[in-house]
Amino acid sequence: MTTTLGTASADPGEVDTGRLEVGETRDGSPFGLPVAVVNGAMSGKTLYMQAASDGDELNGVGVIQRVVPKLDPEELAGTILIVGIVNYHAFQVAEHRNPIDDTKMNRAYPGNENGTSSERIAAATFDIATQADLVLDLHQGSTSRMIDEVRVRCGSRHRLHGKCLELARAFGCGYVLDQKGPDGQLARAGPDEGVPTVDPELGGAVGWDEESIQKGVEGVFNVLKHYDFLDGEAPLGSQTRARGFDQYGAPAGGLVTLEQELGSRVSAGDVLFEVTTPFGEPKETVTADSNGILWRTRRLPQVATGEYVCSVATDIDEF
Ligand SMILES: [Zn+2]
């Protein structure tokens with residue numbers, strides 16, 4: 001059966017790329033999101049993946065740019081639908097939010113085809129997501145520094161919680177954040193429509209981070225194997241799961257020196273960071289309130305009072 005996505009159309013055993021038109025830019029030109037269809041020679045499930053829902057999160061774009069040329073539709077059972085760049089307007093200007101409506105795309109799902117710029121793009125991509133059996137929404141910790149993890153956002157009481165956890169484990173970054181997300185996230189709206197959806201968060205970078213991109217490429221192939229799109233076994237290793245976060249802000253302005261490595265275990269009372277003057281004079285020392293894992297930190301050393309410095313994941317277990 002021929003599978004079509006925008007102008008991309010592929011018969012079994014074929015790959016095609018094209019555009020999915022979603023509106024017009026300010027000069028009246030039509031614009032479309034770059035799309036790809038990989039139609040396997042054998043029948044199977046449908047996977048939808050998308051990248052750059054946040055316009056400055058480019059690691060997912062790197063994953064798709066590397067994964068698609070490696071896929072042989074003759075060896076594939078099932079179909080892969082891809083939107084390579086979701087947040088069209090933000091991507092053009094390398095910003096996080098859509099500059100047309102100053103909205104974060106991942107608060108706009110399931111979208112509205114007659115709504116704001118972001119809601120229209122969300123609706124167009126949600127339409128594809130809900131045709132799939134599984135969804136990967138490739139994100140990263142924006143331009144901050146963050147470990148590679150997969151987020152399960154439906155909440156532990158959701159009927160698809162177990163299926164979303166399985167998808168996160170199959171992706172296999174090693175770390176999973178299992179915490180109900182805010183309204184408007186694709187990883188919440190997808191499960192509400194019965195589609196297991198997770199949000200791999202591939203590190204954090206300005207531009208591309210090759211290590212995180214490689215983890216994402218492996219994650220996609222692990223998912224393709226686990227759900228029988230491809231022959232072979234996914235490793236399905238045990239994952240370290242966090243179910244809470246403590247966020248730490250700067251108690252004083254100045255320069256931050258972090259005392260812990262990303263991903264390291266911290267105990268309550270351990271020093272997380274110090275703030276000094278520009279001349280190295282100590283101003284404040286901040287310690288961990290509880291045990292956990294240093295999950296995310298700011299990238300720039302300078303802080304104002306109250307400004308975000310780091311997050312410690314708490315309530316840790318293995319699954
Ligand atoms: Zn994001």
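Both ligands and their constituent atoms are indexed starting at 1 by order of listing.
Met146 is listed as a side-chain neighbour of Trp295, based on a closest heavy-atom distance under 4.5 Å.
Around the Zn ion (ligand 1), the protein N, O or S atoms closer than 2.8 Å are Asp54 OD2, Glu57 OE1, Glu57 OE2, His139 ND1, listed by chain and residue number.
Geometric assessment of Arg66 against the ring of Trp208 yields a positive cation-pi assignment under the 6.0 Å and 45° thresholds. A cation-pi geometry, defined here as NZ or CZ lying under 6.0 Å from the six-membered ring centre and within 45° of its normal, holds between Arg241 and Phe319.
For CD of Gln92, the number of neighbouring non-hydrogen atoms (other residues, nucleotides, ligands) closer than 6.0 Å is greater than 12.
Arg151 and Asp178 are not joined by a salt bridge, as no carboxylate oxygen comes within less than 4.0 angstrom of a charged side-chain nitrogen.
Ring pair Phe171/His226: centre-to-centre distance not below 6.0 Å.
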